[in-house]
Amino acid sequence: MMLPQKLTLRHFLLLLAITLLLIFILLFTRPEKTAALRAPVIPTVVVTQVQRSDVRATLKVSGRLQPRLAATLSAEVAGRVVERAAEPGQQVAAGALLLRLEDGDYRDALIRAESQLAQERAAVVRDRRLLELASQNRALQAKEVARLATESISSQSRRDETRQRLLQLQGEEARLDYAVSTAASRVSLRQAELARAERDLARTRIVAPFAGTLNELLVDVGDRTAINRELASLVALDELDLYAELPGDTRTALTLGQTQMISVNGEPHEGRLVSLQREPDRNTHTRALRIRVARQGLMPGALADTLLPLRPLNDALLVPVAALLREDGKAYLFVESGGKLSRRAVELGIRDGDAIVVVSGVEAGERIVARDVAALSDGQSVKVVSE
């Protein structure tokens, strides 16, 4: 049996009114929210004291093995290659012929320079003899002028001719005297031209400047070379050099000639220090060194490393490397006092294993955070645990 429609609508409206009343009562009587106070989180840090200690540190440097000697040979005169006397990979002695250029023009230049020098030397002998004769003629003419000046019977025209002849002889003597006095300079000039011609002729022979292995030959018979063109390269492989560069401010305890061990592929090799740059390079701010080793199966280009002894430091301040905070190229330490942190800028020195020397910024005995410093800040409160 269905209820009348009017009765159903009345019940619905009553139910809606009761629901709204309950919602209003719940909202009106709800408790007020209270803010929950959280206790601040104070991190725990491990601290250690700044210590003083003597430092005997080493510095590991790496580099490539290079030939003891290496030379690139270039043409010093122009010419056509007429002989190729050696081949790449061949062992050659010092002074051995590698290439020969056509030398006909240079031989002719040498003959011309020799002839000019011989002519100049002969001219010097001639001028000296002529100067002697000119001096004698001038002296005789001077006597004649003096004699005629005392004779009343001689005509004026004859006396004038005699004086004129004396002036001519004096001029000739002066010219010959200049030629003799500058003879040494002219001979030296001809000797220099001869020496240059001899050197140019010798430069047509490209020879090995030292005993070694011919690495490259860049021209062949028939090629024409120009001055300064690279022709060949030569290397000495009986010994190899470890070439490395040190930071410019590194103070080592190295002396030339001392024994220094190097490592190649984990194998030790004994060498000696043969070169050490004292002043840093102006552009790279580094100092180059070379350690020479016997080849003993080693190959040029191999990577090698060595531990270099640094100059000892006495009573230096040491801190753990892990205690450093590095930002924008600067280094900082967190100093702890009374549960508070203070961030200090420090100047660093050499590293010794897991420790590093501090030049300035902290004092011995101060307590610093030993590690995990990335999340810390200046003035932060911390709990302290001693290392």
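We use all heavy atoms of the structure for the numbers below, so side chains are in, but hydrogens, waters and symmetry mates are not. As the structure is a computational prediction, the values presented were derived from the model and not from experiment.
In the displayed structure, Arg196 atom CZ is contacted under 6.0 Å by at most 12 heavy atoms of other residues, nucleotides or ligands. Few gaps surround CD on Gln191; more than 12 heavy atoms of other groups in view lie less than 6.0 Å from it. Enclosure of atom CD in Glu363 is not indicated, since only 12 or fewer non-hydrogen atoms of other residues, nucleotides or ligands lie within 6.0 angstrom. For Asp108, the CG atom sits in a packed shell: over 12 heavy atoms of surrounding residues, nucleotides or ligands are nearer than 6.0 Å. Crowding of Asp354 atom CG: a count of heavy atoms from other residues, nucleotides or ligands under 6.0 Å not exceeding 12.
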Let me see the working for Arg68 and Asp238 under side chain to side chain contact (heavy atoms under 4.5 Å, CB included), right down to the final yes or no.
CA-CA 8 Å; Arg68 174 177 62 88; Asp238 54 331; 3.2 Å; yes

Run Leu65 and Ile262 through side chain to side chain contact (heavy atoms under 4.5 Å, CB included) and show every step you take.
CA-CA 11 Å; Leu65 294 179; Ile262 71 170; 4.3 Å; yes

Side chain to side chain contact (heavy atoms under 4.5 Å, CB included) between Leu246 and Leu289, worked out:
CA-CA 8 Å; Leu246 306 176; Leu289 64 80; 3.7 Å; yes

Worked check of side-chain hydrogen bond (donor to acceptor under 3.5 Å, both in side chains) between Gln141 and Arg163:
CA-CA 8 Å; Gln141 190 65 25; Arg163 282 194 294 269; over 6 Å; no

Would Leu98 and Leu214 count as a side chain to side chain contact (heavy atoms under 4.5 Å, CB included) here? Give the steps.
CA-CA 9 Å; Leu98 306 179; Leu214 184 60; 4.2 Å; yes

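Each of Val274 and Leu298 belongs to its own hydrophobic cluster when Ile, Leu, Val, Met, Phe, Trp and Tyr are linked at side-chain heavy-atom distances under 4.5 angstrom. Under a hydrophobic clustering in which Ile, Leu, Val, Met, Phe, Trp and Tyr are joined whenever their side-chain heavy atoms come within less than 4.5 Å, directly or via other members, Val384 and Leu341 fall into the same cluster. Grouping the Ile, Leu, Val, Met, Phe, Trp and Tyr side chains by contacts below 4.5 angstrom, directly or via other members, places Val61 with Leu256. In the hydrophobic clustering of this structure, Leu69 does not group with Tyr243; members are Ile, Leu, Val, Met, Phe, Trp, Tyr whose side-chain heavy atoms approach within less than 4.5 Å, directly or through other members. Taken together through direct or relayed side-chain contacts under 4.5 Å among Ile, Leu, Val, Met, Phe, Trp and Tyr, Val373 and Tyr332 form part of one hydrophobic cluster.
Remark: Glu76 pairs with Arg203 by the side-chain contact (heavy atoms from CB on, under 4.5 Å) rule, at least two apart or across chains. In this structure, Arg205 has no salt bridge (charged side-chain N to carboxylate O under 4.0 Å, His left out) partners at least two apart in sequence or on a different chain. By the side-chain hydrogen bond (donor to acceptor under 3.5 Å, both in side chains) test, Arg129 is found to be paired with Glu132, residues two or more places apart in sequence or in another chain being considered. Evaluation of the side-chain hydrogen bond (donor to acceptor under 3.5 Å, both in side chains) rule for Glu336 yields Arg367 as partners, not counting sequence neighbours. The side-chain contact (heavy atoms from CB on, under 4.5 Å) test applied to Thr204 returns Val77, Leu101, Asp103, Tyr106, Leu201, not counting sequence neighbours. Pro67 pairs by the side-chain contact (heavy atoms from CB on, under 4.5 Å) definition with Val235, Leu237, Pro300, not counting sequence neighbours. Taking the side-chain contact (heavy atoms from CB on, under 4.5 Å) definition, one finds that Asn314 meets it with Asp54, Arg56, sequence neighbours left out. Take Asp281 and apply the salt bridge (charged side-chain N to carboxylate O under 4.0 Å, His left out) test, not counting sequence neighbours, and it matches no residue. Taking Arg292 as the reference, Asp241 meet the salt bridge (charged side-chain N to carboxylate O under 4.0 Å, His left out) condition, with sequence neighbours excluded.
For Met261 against Thr306, the heavy-atom pair with the smallest separation is O-OG1, 2.6 Å. In plain terms, the two heavy atoms of Leu234 and Gly212 that are nearest each other are CD1-C, 4.0 Å. Nearest approach of Leu194 to Ala113, heavy atoms of both residues: CA-CB, 3.6 Å. Here the closest heavy-atom approach between residue Arg343 and residue Leu325 is recorded as NH1-CD2, 3.9 Å. Taking every heavy atom of both residues into account, Ala75 and Thr225 meet most closely at CB-OG1, 4.0 Å. Residues Gly349 and Val359 come closest through the heavy atom pair N-CG2, 3.9 Å.
Grouping Ile, Leu, Val, Met, Phe, Trp and Tyr residues whose side-chain heavy atoms lie under 4.5 Å apart, directly or via other members, places Val362 in a hydrophobic cluster with Val50, Leu317, Val319, Val321, Leu324, Leu333, Val335, Val346, Leu348, Ile356, Val358, Ile368.
Side-chain atoms of Arg351 come within 3.5 Å of backbone N or O of Gly353 as a donor-acceptor pair. The closest donor-acceptor contact from the side chain of Gln90 to the backbone of Glu87 lies under 3.5 Å. Although no hydrogens or angles enter the test, the distance criterion places a donor-acceptor pair under 3.5 Å between the side chain of Arg64 and the main chain of Gly301. A donor-acceptor pair under 3.5 Å links the side-chain atoms of Arg52 to the main chain of Asp315, judged by distance alone. Not a single donor-acceptor pair under 3.5 Å links the side chain of Gln277 to the backbone N or O of Arg287. Within the 3.5 Å criterion, the main-chain N or O of Ala134 finds no donor-acceptor partner in the side chain of Asn137. Side-chain atoms of Thr286 do not come within 3.5 Å of backbone N or O of Gly248 as any donor-acceptor pair.
Using a 4.5 Å heavy-atom threshold, the side chains of Thr250 and Leu310 count as touching. By the 4.5 Å heavy-atom criterion applied to side chains, Pro88 and Glu216 are not counted as neighbours. Using a 4.5 Å heavy-atom cutoff, the side chains of Leu117 and Val187 are in contact.
For residues 167-194, the salt bridge (Lys or Arg N to Asp or Glu O under 4.0 Å) pairs, not counting sequence neighbours, are Glu120-Arg186, Glu120-Arg190, Asp127-Arg186, Arg138-Glu173, Glu172-Arg175, Arg190-Glu193. Among residue pairs with one or both ends in residues 263-272, none qualify as side-chain hydrogen bond (donor to acceptor under 3.5 Å, both in side chains); sequence neighbours excluded.
Salt-bridge check for Arg344 with Glu366: passed, with a basic side-chain N closer than 4.0 Å to an acidic carboxylate O. Remark: Glu279 does not engage Arg282 in a salt bridge, criterion side-chain N to carboxylate O under 4.0 Å.
Between the CD atom in Gln260 and the CG atom in Leu307 there is a gap of 8.0 Å [rounded to 0.5 Å]. Between the CD atom in Gln170 and the OG atom in Ser135 there is a gap of 11.0 Å [rounded to 0.5 Å]. Put simply, CG on Leu131 and CD on Gln136 are 10.0 Å apart, with the number rounded to the nearest 0.5 Å.
Side-chain contact, Glu230 with Ser74: no donor N or O sits under 3.5 Å from an acceptor N or O.
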